[in-house]
Amino acid sequence: MAEIPYRYAPDNKIENLVEKHSGLEAGQETSDVVTVAGRLMLRRVQGKLAFGTLDDGSGRIQLFAPSKVTPDFEDFCNLNLGDWIGINGAVMTTKRGELSVRVESWSLLAEARRPFPDKWHGMTDTDTRYRQRYVDLWVTEEARKAFQTRSRMISLTRSFLENLGAMEVETPIFHPIPGGANARPFVTHHNALDLDLYLRVAPELYLKRLTVAGFDKVFEIGRVFRNEGLSTRHNPEFTMLEFYQAYADYEDIMALVEELVEHLAIQLTGSTILEIEGRAIDVAKPWRRATMTELVQESIGVSVDLDTPLKQLRDIADKHEVAYKDDYGPGKLILEIYEKTTESSLWDPVYVTDYPVEVSPLAREHRTIEGMTERFEAIVAGKELCNGFSELIDPEQQRLRFEEQASQNELGDDEAMVVDEDYLRALEYGLPPTGGVGIGIDRLAMLITGVSSIRDVVLFPTLRPEQK
RNA sequence: GGGCCGCUAGCUCAUCGGGUAGAGCAGGGGACUUUUAAUCCCAAGGUGCCGGGUUCGAGACCCGGGCGGCCUACCA
């Protein structure tokens, strides 16, 4: 068998060939001589005639190899499933009408020295699929599709934001002070500086520094890291989109997010109606807006607000088996009640608005409602898709909020923020009115591709290392 | 972190009231010039996740551990 070449030059993708020749009748031969390369997925040898199925990642096409035409016919028949091969020959159809490439010359490009999974059943063990994604992606069509969709989704998102005139930036992943979200960070150490650094839990505070700097629309799509448990909805590293727009408030940002999601749904699935867990969901804009307290009222029939006595809020929490700590104020209690009793039952897209100041350290106070902020979360299919607000721009208020967080942190809440003096200094130079949002890209990809585990949209999800 | 379930050949799965493991596919050998998961014949393939225990005898039963899944708890 010939040596493996150093390069090979396919001139067609299979999906294009299939599209181009879709109307061809049985027993036809075209003058289209093509070179394609990919993996041999199936093989049917019949003595002096062999058939194969080649998959190049874009699609599959049959290989037609008569011994009279195909050089080194014996070797061709002895190829293993999973071998990489390059094929050159005419596009034709067989007697049965199957579109094929006749194998007039071929090259072995890589041997599959390990047996491929069962050609019919594929790979079903989820653990093996995640650990050996390189096999899963060949063998599991839906897996490959999902990642292609994810890639296109991010690309479309990027151009959507660029069309708004937004600039993409990259801010530090190593943070000397963790901040921008309530989450436990990963810690690492820089030797030369002899300095502990935190992997970012959010890019938020750096992006708003850039708004101070005069970049009036900025966004970042990047990995963030949270030292938390794993689940079907949580991977310790995940991709966050954050966007900030100067002169805008949370209403503007809500309009933008629903526009984006509708756009993505149409571009990627052809419809605003998606399917999640077998259930339809329409993400067409506009999405409903409702305050947190309104939704709690609808869900459990009790009216709560920041003036409701603590005792009463605790009774409600007890009644619905919502856990809380003694130091929770009314704001935190209301949030907990909302999250435990209401959030997961919301199906159609809804913007939940007006979060208590107590639980929103970076959001600007509501323009009319005391104790609330102009913050929103979009809940889609019972899950949080994004979190945004009119940004808190006042350095003195921000300091008080940080100090409140810091004291929580002192008391042992390792998800609470600490005071970031440099961020306060930036605010002192002046942050204009600004609206911002963070969108979990993985969650969005789950929504668009209709999968129910984040591991189906993360190529190499975090797993315990294999033990030998 | 808690509850439930799973782990048998490279892959997909069987087996039994505890008696020493079997099939399809893949891989090897052979037949076959229009197949579509091609088909047919032959041979080979196993530390039954790991470690203890009960038993004359354990892949099956008990205990401990590992890894994974689902549900549940938290952040997106």
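Sequence lines set the chain letters: A, B, ... in the order given, protein chains first and strands last, and positions in each chain run from 1. Not measured: the values here are computed from a predicted model.
- Within a heavy-atom distance below 4.0 Å of RNA chain B, the residues of residues 328-343 of chain A found are A/E339, A/K340.
- Residue pairs meeting the salt bridge (Lys or Arg N to Asp or Glu O under 4.0 Å) criterion with at least one member in residues 320-333 of chain A, sequence neighbours excluded, are A/K332-A/E336.
- For the pair A/S100 and A/M123, both in contact range of RNA chain B, the more 5′-proximal nearest nucleotide belongs to A/M123.
- Using a 4.0 Å cut-off, no side-chain N or O of A/S67 falls inside it from OP1 or OP2 of B/U33.
- The separation of B/C16 from B/G30, taken at their P atoms, amounts to 38 Å, rounded to a whole angstrom.
- Atom name C1', nucleotides B/U12 and B/A26: the rounded distance is 11 Å, in whole Å.
- In this structure, A/R455 reaches the B/C70 phosphate: one of its side-chain N or O atoms is under 4.0 Å from OP1 or OP2.
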Give every donor-acceptor pair under 3.5 Å between a side-chain atom in residues 445-461 of chain A and any protein atom, sequence neighbours left out.
| from | atom 1 | to | atom 2 | distance (Å) |
| --- | --- | --- | --- | --- |
| A/T449 | OG1 | A/A445 | O | 2.7 |
| A/S453 | OG | A/R455 | N | 3.1 |

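- Residue pairs meeting the ring pair (Phe, Tyr, Trp, His ring centres under 6.0 Å) criterion with at least one partner in residues 128-152 of chain A, sequence neighbours excluded, are A/W84-A/W138.
- For A/K119, the side chain to side chain donor-acceptor pair (under 3.5 Å) test picks out no residue, with sequence neighbours left out.
- Within the 4.0 angstrom heavy-atom criterion, only backbone atoms of the sugar-phosphate kind lie near A/D125; the bases stay farther away.
- With both ends at atom P, the span from B/A43 to B/C25 equals 15 Å, rounded to whole Å.
- Nucleic acid contact for A/R226: base, since at least one base atom lies under 4.0 Å from a heavy atom of the residue.
- Nucleotides B/G27 and B/G1 have their P atoms positioned 42 Å apart, rounded to a whole Å.
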What pairs of nitrogen or oxygen atoms, one from the protein and one from nucleotides 24-32 of chain B, lie under 3.5 Å apart?
| from | atom 1 | to | atom 2 | distance (Å) |
| --- | --- | --- | --- | --- |
| B/G24 | N2 | A/D118 | OD2 | 2.6 |
| B/C25 | O3' | A/K119 | NZ | 3.3 |
| B/A26 | OP1 | A/K119 | NZ | 2.6 |
| B/G27 | OP1 | A/R43 | NH2 | 3.4 |
| B/G27 | OP1 | A/L81 | N | 3.3 |
| B/G27 | OP2 | A/R43 | NH2 | 3.1 |
| B/C32 | N3 | A/V45 | O | 3.4 |
| B/C32 | N3 | A/G47 | N | 3.1 |

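- Not counting sequence neighbours, the partners of A/Y206 by the ring-ring contact (aromatic ring centres under 6.0 Å, His included) test are A/H175.
- Interface residues of residues 50-60 of chain A facing RNA chain B, ordered by number: A/F51; criterion, heavy-atom separation under 4.0 Å.
- Nucleotides B/C41 and B/G24 place their P atoms 9 Å apart, quoted to the nearest Å.
- Contacts of A/K319 classified as side chain to side chain donor-acceptor pair (under 3.5 Å), with partners at least two apart in sequence or in another chain: none.
- Within 6.0 Å of the CD atom in A/E74, the count of heavy atoms belonging to other residues, nucleotides or ligands does not exceed 12.
- Looking at heavy-atom distances under 4.0 Å, A/I454 makes contact with a base.
- Ion pairing of A/R184 with A/E228 is absent here, as no side-chain N (NZ or NE/NH1/NH2) approaches a carboxylate O to less than 4.0 Å.
- Spacing of C1' atoms, B/A44 relative to B/C7, comes out at 26 Å, to the nearest Å.
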Show me the side-chain donor-acceptor pairs of residues 22-29 of chain A shorter than 3.5 Å, one per line, residues at least two apart or across chains.
| from | atom 1 | to | atom 2 | distance (Å) |
| --- | --- | --- | --- | --- |
| A/S22 | OG | A/E19 | O | 3.4 |
| A/E29 | OE1 | A/R102 | NH1 | 3.2 |
| A/E29 | OE2 | A/R102 | NH1 | 3.3 |
| A/E29 | OE2 | A/R102 | NH2 | 2.9 |

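- Under 4.0 angstrom from either OP1 or OP2 of B/U33 there lies no side-chain N or O belonging to A/T94.
- Annotation: ring-ring contact (aromatic ring centres under 6.0 Å, His included) contacts of A/F225 (sequence neighbours excluded): none.
- For the C1' atoms, the distance linking B/G59 with B/A9 amounts to 14 Å, nearest Å.
- Screening residues 343-352 of chain A for salt bridge (Lys or Arg N to Asp or Glu O under 4.0 Å) gives no qualifying pairs among residues at least two apart or on separate chains.
- Taking atom P on both B/A21 and B/A73, the two are 47 Å apart, rounded to the nearest angstrom.
- Not a single donor-acceptor pair under 3.5 Å links the side chain of A/Q408 to the backbone N or O of A/A416.
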